[in-house]
Number of protein chains: 2
Amino acid sequence: MAEHSYLGEFELMILLTILRLGDEAYGVPLSRELSLSRGRRVSVGSVYAALDRLESKGLIASSLGDATPERGGRAKRYFRLTEQGLRSIHETRSVLNKLWKSLPTPEELA
Amino acid sequence: MAEHSYLGEFELMILLTILRLGDEAYGVPLSRELSLSRGRRVSVGSVYAALDRLESKGLIASSLGDATPERGGRAKRYFRLTEQGLRSIHETRSVLNKLWKSLPTPEELA
DNA sequence: CATAAGTTCGTTTATAGCGAAGAAATGAAG
DNA sequence: CTTCATTTCTTCGCTATAAACGAACTTATG
């Protein structure tokens with residue numbers, strides 16, 4: 001068990017995207033947004049898999065929406081960050097910020 | 001194939017550690033340093049595996065050292081960043097920095 | 001019942017992680 | 001001088017978790 005391990009890039013982006021989408025944070029738009037901000041295709045499968053991981057780690061929580069009033073049918077599963085999820089974003093940020101110090105400019109390569 | 005995918009935390013730390021160690025960037029001290037800066041044990045096996053991956057992706061290059069004048073015997077395999085490796089660090093940084101904007105403080109959780 | 005919106009499932013590949021085994025040189029014991 | 005235990009370092013084999021993909025399934029609507 002990883003015990004503490006900082007967030008990977010993908011999971012991090014998912015958390016941030018959930019925040020950004022707010023009320024519209026469910027699978028389909030999440031994977032659409034992720035594709036956009038990544039600049040490449042992101043399959044729905046990989047998004048749901050990551051969402052499941054994040055939920056089982058307690059960083060997000062989900063709840064099923066009520067019957068949709070729209071054309072397509074299936075119930076939406078909405079996601080939101082838990083307090084722990086938000087904390088882990090901040091932790092990850094501070095860890096990475098530390099890493100950047102000591103980073104030389106592109107010239108310093110022998 | 002990932003085609004562009006930004007660096008994960010572990011690989012990123014390896015690249016930065018190679019930079020920092022300079023002339024002493026080979027397997028054993030790398031894994032020692034990584035353990036320190038991570039604050040937890042890092043097995044040599046996982047370090048070498050990541051080094052192999054990074055090399056095959058062209059982000060680092062390795063060369064075998066000459067006969068060691070010291071006690072222990074086996075030849076060292078030295079690593080250095082390629083130009084591409086250095087570039088990918090900078091890219092990763094700028095991508096992540098963008099992500100941080102729009103990050104709310106811990107209070108803004110419904 | 002065709003169609004649309006959503007999610008779940010099965011599978012495959014890549015990353016991480018670990019310790020034991022292997023390789024190569026040194027220096028000490030006999 | 002020759003064996004050999006010791007040191008330093010790397011390779012190997014294996015297991016677990018993360019990432020990725022698209023087809024299949026579910027549920028509602030017109």
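Numbers restart at 1 for each chain; the letters A, B, ... are given by sequence-line order, proteins then strands.
In this structure, the nucleotide among D:dA20, C:dC18, D:dA19 sitting nearest to the side chain of A:Arg40 is D:dA20. Distance from the side chain of B:Glu11 is smallest for C:dT15 among the nucleotides C:dT15, D:dA20, C:dG17.
One interatomic measurement links the two molecules: CG of B:Leu64 to C1' of D:dT11, which rounds to 12 Å at whole-angstrom precision. For the pair B:Leu59 CG and C:dT15 C1', the computed distance is 14 Å after rounding to whole Å. If you measure from atom CG of A:Asp52 to atom C1' of D:dA20, you get 14 Å, rounded to the nearest angstrom. Rounded to an integer number of Å, the gap from CD of A:Glu9 to P of C:dA16 is 12 Å. Atom C1' of nucleotide D:dC21 and atom CG of A:Leu34 are separated by 15 Å, given to the nearest angstrom. If you measure from atom CG of A:Leu7 to atom P of C:dT15, you get 18 Å, rounded to the nearest angstrom. The CZ-C1' distance, from A:Arg77 to D:dT26, rounds to 15 Å in whole Å. Atom CZ of A:Phe79 and atom C1' of C:dG6 are 11 Å apart (whole Å).
In this structure, the side chain of A:Ser62 does not engage the main chain of A:Tyr78 through any donor-acceptor pair within 3.5 Å.
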Next on the checklist: Run B:Glu33 and B:Thr17 through side chain to side chain donor-acceptor pair (under 3.5 Å) and show every step you take.
Outcome noted: CA-CA 7 Å; B:Glu33 281 296 305; B:Thr17 307; over 6 Å; no
Item to check | Criterion salt bridge (Lys or Arg N to Asp or Glu O under 4.0 Å) on A:Glu24 and A:Arg32, from CA distance to verdict | outcome: CA-CA 12 Å; A:Glu24 286 304 303; A:Arg32 180 172 34 74; over 6 Å; no
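If you find the closest nucleotide of DNA chain C to B:Val44 and to B:Ala50, the one lying nearer the 5' end belongs to B:Ala50.
The two residues A:Val42 and A:Ser35 have their closest heavy-atom pair at N-OG, 3.2 Å. Summarising the geometry of B:Leu96 relative to A:Trp100, their closest heavy-atom pair is CD1-CZ2, 4.1 Å, with the distance given to 0.1 Å. In terms of heavy-atom proximity, B:Ala25 sits nearest to B:Ile18 at CB-O, 3.9 Å.
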For nucleotides 3-5 of chain C, give me every protein contact, N/O to N/O, under 3.5 Å, one pair per line with atom names.
residue, atom, partner, partner atom, Å
C:dT3, O2, A:Arg71, NH1, 3.2

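Applying the 4.0 Å criterion to OP1 and OP2 of C:dG17, one finds that B:Arg38 has a side-chain N or O inside that range. At the phosphate of D:dG22, neither OP1 nor OP2 sits under 4.0 Å from any side-chain N or O atom of A:Arg41.
Note on A:Gly45: a base of the nucleic acid sits closer than 4.0 angstrom, heavy atoms only.
Using a 4.5 Å cut-off between side-chain heavy atoms of Ile, Leu, Val, Met, Phe, Trp and Tyr, with links allowed through other members, A:Leu36 and A:Phe10 fall into different hydrophobic clusters.
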